[in-house]
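Side chains are part of it too, since the values below use all heavy atoms of this structure and drop only hydrogens, waters and symmetry mates. Below, read A as the first sequence line, B as the second, and so on, with proteins coming before strands; counting in each chain starts at 1.
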Number of protein chains: 2
Amino acid sequence: MTGIRRLAQHLDISIGTVSRALNGRPDVNEETRRKVLEAAAELGYVPNQSGRSLRQGTTNIIGFMMQTGTEITGQGDTFFMSVFDGVQTVFARHHLDLVALLCSSEEDPDDYLRRVVARGFADGLILSATQRHDPRFEFLAKRKIPFVTLGRSLTDVGQPWLDLDFEGMAQTSIDRLVAKGHRRIAVTRPHDDINLGHLFVDQSAKALAEHGLTLDPDLVFSSKPNEAGGYHVAQQLLAMRNRPTAILLVNETIAIGFYRGLSEAGLKPGRDIAIIGRQSPQSHFLSPSLTGFTLSRRDLGIALAEALLATMPAFSHFYPDAELRKVWPEDLVEGESDAFSLPA
Amino acid sequence: MTGIRRLAQHLDISIGTVSRALNGRPDVNEETRRKVLEAAAELGYVPNQSGRSLRQGTTNIIGFMMQTGTEITGQGDTFFMSVFDGVQTVFARHHLDLVALLCSSEEDPDDYLRRVVARGFADGLILSATQRHDPRFEFLAKRKIPFVTLGRSLTDVGQPWLDLDFEGMAQTSIDRLVAKGHRRIAVTRPHDDINLGHLFVDQSAKALAEHGLTLDPDLVFSSKPNEAGGYHVAQQLLAMRNRPTAILLVNETIAIGFYRGLSEAGLKPGRDIAIIGRQSPQSHFLSPSLTGFTLSRRDLGIALAEALLATMPAFSHFYPDAELRKVWPEDLVEGESDAFSLPA
DNA sequence: TCGGCCGCCGTAAACGTTTACGGAACTATG
DNA sequence: CATAGTTCCGTAAACGTTTACGGCGGCCGA
């Protein structure tokens with residue numbers, strides 16, 4: 001005699017009642033519910049998840065899919081860990097188990113997702129590293145699996161998304177640099193088809209146009225989002241005969257490599273070139289200090305979780321007015337790296 | 001009609017035979033097995049994991065428990081991501097699904113593990129961030145859940161473990177620095193009761209003793225394993241009136257903060273103080289270059305996975321001679337940071 | 001020819017839940 | 001007092017697998 005049956009026998013009531021009591025169904029006497037809860041605690045009973053899943057067709061698991069390997073996600077810093085932390089706190093309230101699904105950099109993300117879904121692994125998913133055209137969206141939509149994405153995409157199946165404000169960062173940065181007299185401004189972007197690259201570069205071009213300037217294609221540097229990528233960008237930039245006087249670094253990690261590349265050539269951020277990037281725990285230890293954008297990663301995670309729950313029928317009533325699509329605002333922290341300005 | 005039943009009906013054979021065919025049981029005609037597999041592929045049948053779990057009492061999931069928050073794991077670099085990648089490749093061969101269980105820094109790891117286990121989440125676990133005395137070991141052993149740890153502990157329940165060679169690193173470093181004439185050598189250790197700290201510090205003291213030196217308690221710095229921790233260590237060190245001439249940094253991430261702290265005071269690694277640390281993708285962008293230890297994180301992950309599988313009855317025959325307990329060797333990469341030497 | 005063995009397959013029970021359904025006891029209402 | 005409604009509970013089916021068991025036919029050896 002095991003599980004719920006044992007508990008029922010111990011209380012000398014039926015398993016049906018026990019189940020109803022535990023699941024908070026209304027049609028059970030509050031007195032018996034109390035007894036059941038008490039006995040459950042005493043005997044250390046916890047419902048078997050397999051039995052539950054089989055019956056309900058639900059797993060109680062939410063998966064957060066990320067890519068391992070700094071090549072894609074730029075996890076040289078702890079960006080995703082912080083976001084995950086925020087997501088976790090929300091799901092814990094609903095007794096949902098959050099797990100990280102780390103797709104190896106050697107495996108195709110689409111294949112990986114297919115495996116996860118085929119297995120019926122999760123009730124809902126959070127996707128990151130969204131591509132400009134992302135097949136995963138349609139795949140999930142077709143199977144009616146609730147999901148939310150960290151990042152926009154041209155593919156749109158109506159799912160909720162949250163995203164960083166790449167356009168805002170581009171606009172603010174360009175305005176700021178142009179005001180300091182810069183005319184040749186470089187921009188970095190991820191090396192692959194990840195969507196944020198397009199958003200960032202396109203908006204940079206647009207902002208420049210507003211000032212009557214154009215974005216020189218030679219000044220758009222593709223780089224892997226890690227330290228090595230930043231170092232490589234510096235080398236390319238230094239090799240040019242008509243160097244830019246300022247640069248926008250799209251992600252958190254490359255600044256470190258970029259600084260290193262500059263200093264090897266005897267150049268100093270903020271004196272010889274203006275830099276605007278993104279803040280991270282690591283970037284605080286750069287010198288001269290980095291001018292860059294920042295946001296609350298944890299709050300972003302919380303919003304992600306709420307957006308997902310809002311689309312899941314069983315939980316949506318908890319979040320009647322969750323923000324389903326939002327560009328997350330960023331603050332600019334002023335440092336020394338963009339102090340360099342040109343005479344008017 | 002769904003699942004295996006549908007498949008059986010389509011082939012006009014019994015579900016028992018279908019199941020046996022799919023699971024590679026010997027008592028099924030090879031010809032019918034072929035047909036079953038063919039039909040399964042055609043109809044896109046994949047077995048329902050809940051049904052399977054319920055019947056077999058097994059989940060097909062392996063969990064890799066890590067802590068989020070740089071405070072504990074020092075994930076300012078991608079150490080765990082790389083290890084995870086290695087683990088993943090092994091489990092993929094056995095159709096086991098590996099997920100990352102990220103315990104929030106705000107939650108007690110013991111509680112977290114209890115939840116995971118109570119839920120019957122995984123068939124096996126990989127634990128990291130092992131404490132000097134780690135209650136998780138006994139907890140898992142009592143429930144007979146196969147697990148392996150990345151890191152030793154004084155708690156020993158006979159499980160396999162792999163670990164970095166902290167003693168070797170301490171010994172090599174001390175020998176090397178003493179040979180360069182250093183007498184006052186500082187050491188860092190994590191701020192909490194994580195076991196590696198004890199191993200590292202104790203062995204450092206022992207190695208010093210072999211040279212007739214002692215480890216000054218004032219020269220043992222506890223620090224959070226992140227950039228901020230390293231920065232803080234530098235500040236403490238600089239405030240001393242009798243400064244050490246050399247220092248051992250126990251983990252990958254703190255070097256960056258430590259460098260920053262030094263440079264703010266006008267000191268230069270390798271010129272004013274000798275530093276030996278650990279290599280990481282980030283540390284390559286330090287200047288002067290860091291003398292430090294390195295290892296293949298991916299291979300370590302592979303070994304971890306094999307050790308775990310070797311203790312799981314269903315898989316042990318695949319790995320008859322897996323290394324169950326091993327201190328993983330590290331290579332010393334010589335840089336400029338320990339160039340500083342003292343007259344004899 | 002017959003008994004035994006072997007290869008292959010079908011039947012049905014079991015895993016631990018949840019929940020639709022119906023019924024018993026009780027209460028309220030006229 | 002009869003009826004309707006309400007509250008609570010027990011029964012049993014269902015979720016999709018795996019696997020013990022038994023049976024049927026064919027083959028082999030005596």
Side-chain angles (χ1 to χ4, degrees), chain A residues 1-37 39-40 43-61 95-97 117-121 123 143 313-314, chain B residues 1-37 39-40 43-61 95-97 117-121 123 143 313-314:
Chain A
M1 192 70 51
T2 70
I4 202 173
R5 225 168 294 267
R6 186 162 117 75
L7 194 54
Q9 178 169 313
H10 179 256
L11 288 164
D12 198 32
I13 58 179
S14 77
I15 62 171
T17 303
V18 174
S19 175
R20 278 188 295 263
L22 292 173
N23 291 29
R25 287 290 144 84
D27 54 346
V28 50
N29 188 296
E30 281 307 323
E31 171 61 12
T32 58
R33 187 197 305 280
R34 195 188 54 72
K35 282 195 216 158
V36 169
L37 259 11
L43 300 192
Y45 166 79
V46 305
N48 176 299
Q49 182 60 38
S50 301
R52 231 182 197 181
S53 297
L54 182 55
R55 175 60 215 240
Q56 312 199 117
T58 193
T59 64
N60 233 29
I61 298 177
H95 303 285
L96 287 168
D97 293 316
V117 169
R119 206 179 172 301
F121 197 95
D123 293 345
R143 327 232 146 174
Chain B
M1 191 71 52
T2 69
I4 202 174
R5 225 168 294 267
R6 186 163 116 76
L7 194 54
Q9 179 169 314
H10 180 255
L11 288 164
D12 197 33
I13 59 179
S14 78
I15 62 171
T17 302
V18 173
S19 175
R20 278 189 295 264
L22 292 172
N23 291 29
R25 287 291 143 81
D27 55 345
V28 50
N29 187 296
E30 282 307 323
E31 171 61 12
T32 59
R33 187 197 305 278
R34 195 187 53 73
K35 281 195 214 156
V36 170
L37 292 179
L43 300 192
Y45 166 78
V46 305
N48 177 299
Q49 183 60 38
S50 301
R52 222 175 207 188
S53 296
L54 181 55
R55 173 62 213 239
Q56 310 199 117
T58 191
T59 65
N60 232 30
I61 297 177
H95 303 285
L96 287 168
D97 292 315
V117 169
R119 204 179 173 301
F121 198 95
D123 293 345
R143 326 234 145 169

Please report, rounded to the nearest Å, how far the P atom of dC9(D) is from the CD atom of Glu31(A).
10 Å
Please report, rounded to the nearest Å, how far the P atom of dA14(D) is from the CD1 atom of Ile15(A).
15 Å
Take Asp123(A) and Ile61(A), measure what side-chain contact (heavy atoms from CB on, under 4.5 Å) needs, and give me the verdict at the end.
CA-CA 6 Å; Asp123(A) 293 345; Ile61(A) 298 177; over 6 Å; no
Could you tell me how far apart Arg5(B) (CZ) and dG10(C) (P) are, to the nearest whole angstrom?
14 Å
Tell me whether the OP1 or OP2 atom of dT18(C) has a side-chain N or O from Arg52(A) closer than 4.0 Å.
yes
According to a strict under-4.0 Å criterion, is Gln56(B) in side-chain N/O contact with OP1 or OP2 of dA14(C)?
no
More than 12 non-hydrogen atoms from neighbouring residues, nucleotides or ligands closer than 6.0 Å to CZ on Arg6(B), yes or no?
no
Here the distance between atom C1' of dG16(C) and atom CG of Asn23(A), to the nearest Å, is 13 Å
Please report, rounded to the nearest Å, how far the P atom of dT6(D) is from the CZ atom of Arg25(A).
20 Å
Do the side-chain N or O atoms of Ser50(B) get closer than 4.0 angstrom to the phosphate oxygens (OP1, OP2) of dC15(D)?
no
Using a cut-off of strictly less than 4.0 Å, decide whether Asn29(B) has a side-chain nitrogen or oxygen near OP1 or OP2 of dC8(C).
yes
Length of the line joining Glu30(A):CD and dC9(D):C1', which is rounded to integer Å
14 Å
Contact under 4.0 Å: Thr32(A) side-chain N or O vs dC9(D) OP1/OP2
yes
So for Arg20(A) and dG10(D), does any side-chain atom that can act as donor or acceptor lie under 3.5 Å from a complementary atom in the base?
yes
Leu54(B) has its side chain closest, among dT17(C), dG16(D), dT19(D), to dG16(D)
When you measure from the side-chain N and O atoms of Ser19(A) to the phosphate of dT17(C), is any distance below 4.0 Å, counting only OP1 and OP2?
no
Just N and O in the side chain of Thr17(B): are any of them under 4.0 Å from OP1 or OP2 of dC9(C)?
no
Tell me the bend of the helix from dT1(C)-dA30(D) to dG30(C)-dC1(D) as the angle between end helix axes, each from five pairs, rounded to the nearest 10 degrees.
50°
Rounded to whole Å, the CD-P distance (Gln9(B) to dT11(C)) equals 13 Å
Atom pair distance, as rounded to whole Å: CD1 in Ile4(B) and C1' in dC15(C):
15 Å
